[in-house]
Amino acid sequence: MERPTSGQSEENVEQGQISDDDAAARQCTSGASDSPGTLTIDQLLVESRIGLERVSASELEREMAAGALVVDTRPVDQRERDGALPGAVVIDRNVLEWRLDPSSAHRLPSAGDPARRIVVVCNEGYSSSLAAHTLQRLGLARATDLIGGFQAWTALYGQTRLREAAESDPL
């Protein structure tokens with residue numbers, strides 16, 4: 001779990017409401033790596049988030065309505081335990097770049113437009129930041145992630161949206 005910086009409550013941290021300024025401030029308190037030219041994971045996370053216009057759980061529906069491709073990268077056991085994210089495309093994290101890179105022969109048909117907004121969702125909003133940064137490096141400039149991940153979305157909407165999605169699913 002992320003640690004709060006000055007001016008942040010534990011509740012804001014748990015809900016994934018950490019601004020880029022707070023993240024940059026945390027970089028100063030992160031321990032240095034032992035090897036010159038390398039980063040700690042906290043430093044890499046801060047660096048990865050610098051170019052992301054991260055999406056809050058309350059903004060996700062609006063992003064989807066505007067045409068964003070929402071990608072759920074959570075492992076199958078987490079999706080089975082916690083439920084599917086309604087409207088998201090599931091792509092395993094280990095093949096994400098191949099499925100979304102517009103130049104890849106293995107890309108999804110929905111990933112052909114490098115200008116399309118892509119919102120990566122993991123369980124808590126950490127690995128999705130790293131993944132979104134990598135997608136940006138592949139030329140998907142509008143790639144970003146969900147602050148706090150699926151857990152933040154579930155905390156905001158509870159099980160209500162999951163039940164609604166399950167009831168509307170014809171299977």
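Values below: all heavy atoms of this structure, side chains included; hydrogens, waters and symmetry mates excluded.
No donor-acceptor pair under 3.5 Å is formed between the side chain of Glu124 and the backbone N or O of Gly149. Of the possible donor and acceptor atoms, one in the side chain of Arg116 sits under 3.5 Å from a partner among the backbone N and O of Ser110. Between the side chain of Asp92 and the backbone N or O of Asn94, no donor-acceptor pair lies under 3.5 Å. Proximity of a side-chain donor or acceptor of Glu63 to a complementary backbone N or O of Val119 within less than 3.5 Å is not detected.
When every heavy atom of Ser58 is checked against every heavy atom of Tyr157, the shortest pair comes out as CA-OH, 3.9 Å. The two residues Gln43 and Thr38 make their nearest non-hydrogen contact at OE1-O, 4.4 Å. What you find for Pro114 and Pro102 is that their closest heavy atoms are CB-CG, 4.0 Å. Nearest heavy atom pair, residue Leu52 against residue Ser129, reads CD1-O, 3.8 Å. Nearest heavy atom pair, residue Arg49 against residue Gly125, reads NH2-O, 2.6 Å. Taking all atoms of both residues into account, the shortest heavy-atom contact from Trp98 to Ser104 is O-OG, 2.9 Å.
With rounding to the nearest 0.5 Å, the separation of CG in Asp82 from CD in Gln151 is 5.0 Å. Once rounded to the nearest 0.5 Å, the distance linking CZ of Arg93 with OG1 of Thr134 reads 5.5 Å. If you take CZ on Arg99 and OG1 on Thr73, they are separated by 14.0 Å, rounding to the nearest 0.5 Å.
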Candidate pair Leu156 and Leu60, rule side chain to side chain contact (heavy atoms under 4.5 Å, CB included), full reasoning
CA-CA 11 Å; Leu156 182 63; Leu60 187 61; over 6 Å; no
Given Val121 and Ser128, is the side chain to side chain contact (heavy atoms under 4.5 Å, CB included) satisfied, shown in steps?
CA-CA 6 Å; Val121 180; Ser128 58; 5.8 Å; no
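Summarising the hydrophobic clusters (Ile, Leu, Val, Met, Phe, Trp, Tyr; side-chain heavy atoms under 4.5 Å, direct or chained), the residues clustered with Ile118 are Leu69, Val71, Val89, Ile91, Val95, Leu96, Leu100, Leu108, Val120, Leu135, Leu138, Leu140.
With hydrogens and angles left out, the side-chain atoms of Ser56 and Glu59 include a donor and acceptor closer than 3.5 Å. Side-chain atoms of Arg54 and Thr144 include no donor-acceptor pair closer than 3.5 Å. Ser103 and Asp101 are linked by a side-chain donor-acceptor pair at a separation below 3.5 angstrom, with hydrogens and angles left out of the test.
Take Arg142 and apply the salt bridge (Lys or Arg N to Asp or Glu O under 4.0 Å) test, not counting sequence neighbours, and it matches no residue.
Residues Arg74 and Phe150 meet the side-chain proximity criterion, which asks for heavy atoms closer than 4.5 Å.
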